[in-house]
Structures are given as C-alpha cells and as structure tokens.
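For reference, the structure discussed in these notes is given below.
Order of listing sets the numbers, starting from 1, for every ligand and every atom in it. Quick note: residue numbers are just sequence positions, from 1. Remember, it's a predicted structure, so these values are computed and weren't measured experimentally.
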Amino acid sequence: MTTAARKQNFPYKRVLLKVSGEALMGKGPSGVDPEMVDMVAADIAAVAATGGQVCLVVGGGNIFRGLAAAAKGMDRVQGDYAGMLATVINALMLQNALEKRNVETRVMTAIRMEAIAEPYIRRRAVRHMDKGRVVIFAAGTGNPFFTTDTAAALRANEMECDALFKGTQVDGVYSADPRQNPDAERYAQLTYMDALSRNLKVMDAAAVSLARENSLPIIVFNIHVPGAFASVMRGEGRFTRIIETESSSEH
Ligand code: UDP
C-alpha cells in the first residue's frame, strides 16, 4: 500500500468502482448530465489523490440497453453491441471530467477501437494502475448477453482488486426498494448467498457468483453523496458489504 493510502486508513490498496449509466444521468430520464459526471469524477479524483489505486467499469443503461431494445423488436445481439458502445460514450465523458481534474487516465475497451482508446490487455492495465493511472474499462466484457456488473466482477478479479465498489442511487442494499417502501430494511452486511437467494437485485447473479468464487467483497454505496467514495473506502458512512460470512442487518 502506498504511504498516502495508508495515511488515509484505506484498508484497500486497489479497488474497482462500478459506475452505472444511471449514476451519470442526473434528474433526466436518460442521457448524460455533465454535472453528474463531474460530481462522480470529483470523488474518484479525491481517492486517486491519496494514492488509492482505482479502476472503473462504466455502464451504459442511461443511453442504451440491449434487452430493452430487444423487447421492442431489435435483434438482441445487435442491441447488446449498441449497449456496449453506449458504455464507451460514458467512459469518454468520465475520462474528460477526470483529466480536467488532472487525474491521469486510460480508457481500455473490450472491443477494439484504437482511434479513441487502448484495447484491453490485462498486463498493460495492471501496469497503468501501478503507475497511478485511473483505468476506465469500457465496452463491458465485449460479449452480448452480459452486463457491465459482470464486467465489473470480471475486471476486478483480473486486476486483483481488494474490493468491488458498486455506486448506486441508494446507500446500500435494502429488503425492498426504499424509494417505494419506507419500511424497507437496510443491511449492513450480507453473504453472497443472501444476495443471490433473496433476489435483492444488488448485481446480477453472474456478477455475484464471480465475486463469490474469488472472495471479492462487494461494497454497495450511494455514489450521489459527495465524498462518499472516499469515506466508504475508509469504512465510514453508510454502505452494505457483501462477503462470505453470516448475514446481519442494521438496526
Ligand atoms: N452489454 C453487453 N455485454 C457486456 C456489458 C454490457 O452486451 O459485457 C450491453 C447490454 O446490452 C447492456 C448495455 O450494454 O444493457 C449497457 O450495460 P448495462 O445495462 O450493464 O449498464 P448499466 O445498467 O450499468 O448502466
């Protein structure tokens, strides 16, 4: 761990942050809100400035989802490729916002498009991270029928990250949607099996299973609270941790 990261009491040396497309959407029904992108970039920059090694997987649901397009008659595979391209738009926006804050970044895509980003090569990605660059993984896994949650679990394992942070609109995993049910209970900690069997909609099952196989902790927090990423990295604030132990709920 770097001295700066230790000074901040980050228990993690290297983490992957999954930023969903929705997190970049702001209040509109779709698209990208540059203010939102900048807010997320500010949080990432704060962690990077302290020496925490961060890589990102960016979603694309704010622009295009293959499944939704298929429901309206589009070929599913074509739709999924369009969805993967949508993640590249978000990645470039995030790269721009981070570089404005003097954070050195690299975008790496699972589908080659070398005019705008490097192709994903694991060893090269590791080297970027060792040099303190924030690596943004775009185009998901490069395969249709997957999601960027699965891409996040995959890349986090490949990069040997200490944890996968999932930035959402709420401050953890609840027993029901807290925006619709005020009695919904927030869990401080869950097991992978809880997340899978209780259908809690944390991440898709493939992503949770992949994390479980490699004992990769998943930490769910509200990315729209300014400074939350750094606090949660220090173990402070509100979040749900998904690990391989008995479940417990917050009272
Ligand atoms: N997608 C895909 N393969 C992947 C990752 C993503 O086909 O490995 C497509 C899929 O159509 C998905 C879209 O890209 O709907 C956007 O990704 P996702 O829905 O995961 O974004 P998020 O919900 O995080 O914004």
Against heavy atoms of [X], which atoms of ligand 1 measure under 4.0 Å?
X	value
G59	21 (O), 22 (P), 24 (O), 25 (O)
G21	22 (P), 24 (O), 25 (O)
K18	24 (O)
F64	13 (C), 16 (C)
G140	4 (C), 5 (C), 8 (O)
G66	11 (O), 15 (O)

query: Taking distance alone, with no angle check, do L67 and ligand 1 share an N/O pair under 3.5 Å?
result: no
message: Are any of the N/O atoms on D80, whether in the backbone or the side chain, positioned under 3.5 angstrom from an N/O atom of ligand 1?
response: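 In this structure, D80 places an N or O atom under 3.5 Å from an N or O of ligand 1.
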- request: Measure from atom 3 (N) of ligand 1 to every heavy atom in V77, N143, D149, T141 and give the option owning the shortest one.
  value: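 The residue whose heavy atom sits nearest atom 3 (N) of ligand 1 is N143.
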query: Can you say whether the rings of F221 and F165 are parallel (under 30°), tilted (30 to 60°) or perpendicular (over 60°)?
result: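 Plane angle over 60°, so perpendicular.
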Within reach of ligand 1, part of Y81 (heavy-atom separation under 4.0 Å):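 Under 4.0 Å from ligand 1, Y81 contributes no heavy atoms.
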message: Heavy atoms only, cut-off 4.0 Å: how does P144 contact ligand 1, side chain, backbone, both, or neither?
response: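 It is the backbone that gets close, since no side chain atom is under 4.0 Å.
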message: Return the closest protein heavy atom for atom 2 (C) of ligand 1 as residue, atom name and distance.
response: F146 O, 3.2 Å
message: Which residue and atom name correspond to the protein heavy atom nearest atom 23 (O) of ligand 1, and how close is it?
response: R65 NH1, 2.7 Å
field: Between CE on residue M233 and CD1 on residue I219, distance to nearest 0.5 Å
entry: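 That separation rounds to 9.0 Å.
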